[in-house]
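Note that the numbering runs from 1 along the sequence shown for the chain.
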Amino acid sequence: MDARQLAGKGCARRYEKEYLNKYRDCMLFYCDGKVRFERYCYGEGACFVFGAWAALAPDGCLTYKAPLDPLAKAADLPRKLTKMQGDVLYFDDARWKWELAAELADDPKNGYTRLRMLLFRLTGR
C-alpha cells in the first residue's frame, strides 16, 4: 500500500491505536507520501511526547528518519503495516487496531498549511 492512498483525498488521514495504556498513538499518512508517528499522554498531564517521520515502502515496511527524538524508543514504533480492513490498519501482526480518527484538510503544526496544500494540488507534487 502507498502512503498517498492511505492519505485519502485531503491533506492527510490520522489513524489512532485503540486505547491500551497511558499513551495515545497516532499515525498520519500525508498526500505527498510522508508518514508521521506521534505519541501523546492521556490524563491530567495530557501532552505531546514525541513524533517521528517515516517512509512507507510498497511491502508495508516503515523506515524512520534518523536521528529519532531522544524520548522515542525503537520498540514503541510500528515497523510494518501487515493488514488493512476497510478504514482499520494493523501493524506488526499485532491484534491492536488503528482506526481512522480524522480526515485532515491541512496540518499546520507539521508544515501542511492551506497554502502548501493549494500549491500541492496545483502542481501535483
(request) List in chain and number order the residues that pass side-chain contact (heavy atoms from CB on, under 4.5 Å) with Lys83, two or more places apart in sequence or in another chain; answer none if no residue qualifies. (result) Gln85, Tyr90
(request) Please name all residues satisfying salt bridge (Lys or Arg N to Asp or Glu O under 4.0 Å) with Arg79, sequence neighbours left out, ordered by chain then number. (result) none
For residues 94-103, tabulate all N or O donor-acceptor pairs below 3.5 Å that involve a side-chain atom, not counting sequence neighbours.
unit_1 : atom_1 : unit_2 : atom_2 : d
Glu103 : OE1    : Arg13  : NE     : 3.4
Glu103 : OE2    : Arg13  : NE     : 2.8
Glu103 : OE2    : Arg13  : NH2    : 3.2

(message) Can you tell me if Lys73 has over 12 outside heavy atoms packed within less than 6.0 Å of its NZ?
(response) no
(message) Could you tell me if Tyr30 and Asn110 have a donor-acceptor pair between their side chains, going purely by distance under 3.5 Å?
(response) yes
(message) Given Glu38, which partner from the list Lys109, Arg14, Lys17 fulfils the salt bridge (Lys or Arg N to Asp or Glu O under 4.0 Å) test?
(response) Lys109
(request) Identify the two heavy atoms, one from Asp76 and one from Phe37, that lie closest to each other, and give their separation to 0.1 Å. (result) O-CZ, 3.9 Å
(message) As an exercise, state the distance from CG of Leu6 to CE of Met84, rounded to the nearest 0.5 Å.
(response) 5.0 Å
(message) I'd like to check the salt bridge (Lys or Arg N to Asp or Glu O under 4.0 Å) partners of Asp25; sequence neighbours left out, ordered by chain and number.
(response) Arg39
(request) With sequence neighbours left out, write down each residue that passes salt bridge (Lys or Arg N to Asp or Glu O under 4.0 Å) with Arg4, or none if nothing qualifies. (result) none
(message) Using 0.5 Å steps for rounding, measure from the CZ atom of Arg36 to the OH atom of Tyr112.
(response) 10.0 Å
(request) Compare every heavy atom of Cys11 with every heavy atom of Ala105, then report the nearest pair and how far apart it is. (result) O-CB, 3.2 Å
(message) If hydrophobic clusters are built from ILVMFWY residues whose side chains come within less than 4.5 Å, do Tyr40 and Leu77 share one?
(response) no
(request) Could you check if a side-chain atom of Cys31 sits within less than 4.5 angstrom of a side-chain atom of Met117, using non-hydrogen atoms only? (result) yes
(message) For the CZ atom of Phe29 and the CG atom of Leu81, what is their distance to the nearest 0.5 Å?
(response) 6.0 Å
Under 3.5 Å, sequence neighbours excluded: what are the donor-acceptor pairs made by side chains of residues 53-69?
unit_1 : atom_1 : unit_2 : atom_2 : d
Asp59  : OD1    : Cys61  : N      : 3.1
Tyr64  : OH     : Pro78  : O      : 2.7
Asp69  : OD1    : Leu71  : N      : 2.7

(request) Spell out, as yes or no, whether a donor-acceptor pair under 3.5 Å connects the side chain of Asp106 to the backbone of Pro108. (result) no
(request) Indicate, with yes or no, if Phe50 and Tyr42 share a hydrophobic cluster defined by side-chain heavy-atom contacts under 4.5 Å among Ile, Leu, Val, Met, Phe, Trp and Tyr. (result) no
(request) Examine Val35 and Val88 and state if one hydrophobic cluster contains both, with Ile, Leu, Val, Met, Phe, Trp and Tyr joined whenever side-chain heavy atoms are less than 4.5 Å apart. (result) no
